[in-house]
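Being a predicted model, the structure only gives us computed values, none of them experimental.
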Amino acid sequence: DLSLKSTAGWIVRRPQRLIPPAIPLLTIVPLALAAGEHAEALPLIALAITAVVLSAVLSIVGARRSLELLAAVREAQVQFRSEAEQLLIEGEKISRKPVAGLGDRVTRALQILREQQG
């Protein structure tokens, strides 16, 4: 699960992520002032305030899910990288094994090359 510290770090590194939840929250102030001045439009203003709050909440939830997805992708990348390293290490171990008769074949091939050149 994501800690508050990692969430704060993510927001500091990407301040543009604060814009979607901030805009709806900033529009609540004019809506609240309008509600005080225009009592006849109170149901419409209440609906607008509800939409603004819902928008802010969904924006925050979406940013949180994005952070969770990013963390899952990083974890998968680390896992795949370690698996690839293990496969490379195993491949190096296998390639270092001596091949039976290889030395004799190389010696014979070099001898043939010397005969052809000489």
Supply the atom-to-atom distance Leu47 CG to Leu54 CG, rounded to the nearest 0.5 angstrom.
-> 10.5 Å
Rounded to the nearest 0.5 Å, the CD atom of Glu83 sits from the CG atom of Leu87 at a distance of 7.5 Å
Distance-only donor-acceptor check, side chains Gln111 and Arg114, under 3.5 Å | no
CD of Glu75: more than 12 outside heavy atoms within 6.0 angstrom?
-> no
Is Leu26 reachable from Leu33 through a run of hydrophobic residues whose side-chain heavy atoms are each under 4.5 Å from the next?
-> no
So do Leu69 and Arg65 actually touch side chain to side chain, heavy atoms under 4.5 Å?
-> no
Is the backbone N or O of Asp104 less than 3.5 Å from a side-chain atom of Arg108, with the two atoms forming a donor-acceptor pair by type?
-> no
Between the side chain of Ser55 and the main-chain N/O of Ala51, is any donor-acceptor distance below 3.5 Å?
-> no
Check step by step if side-chain contact (heavy atoms from CB on, under 4.5 Å) holds for Gln116 and Leu113.
-> CA-CA 5 Å; Gln116 289 176 351; Leu113 283 172; 4.2 Å; yes
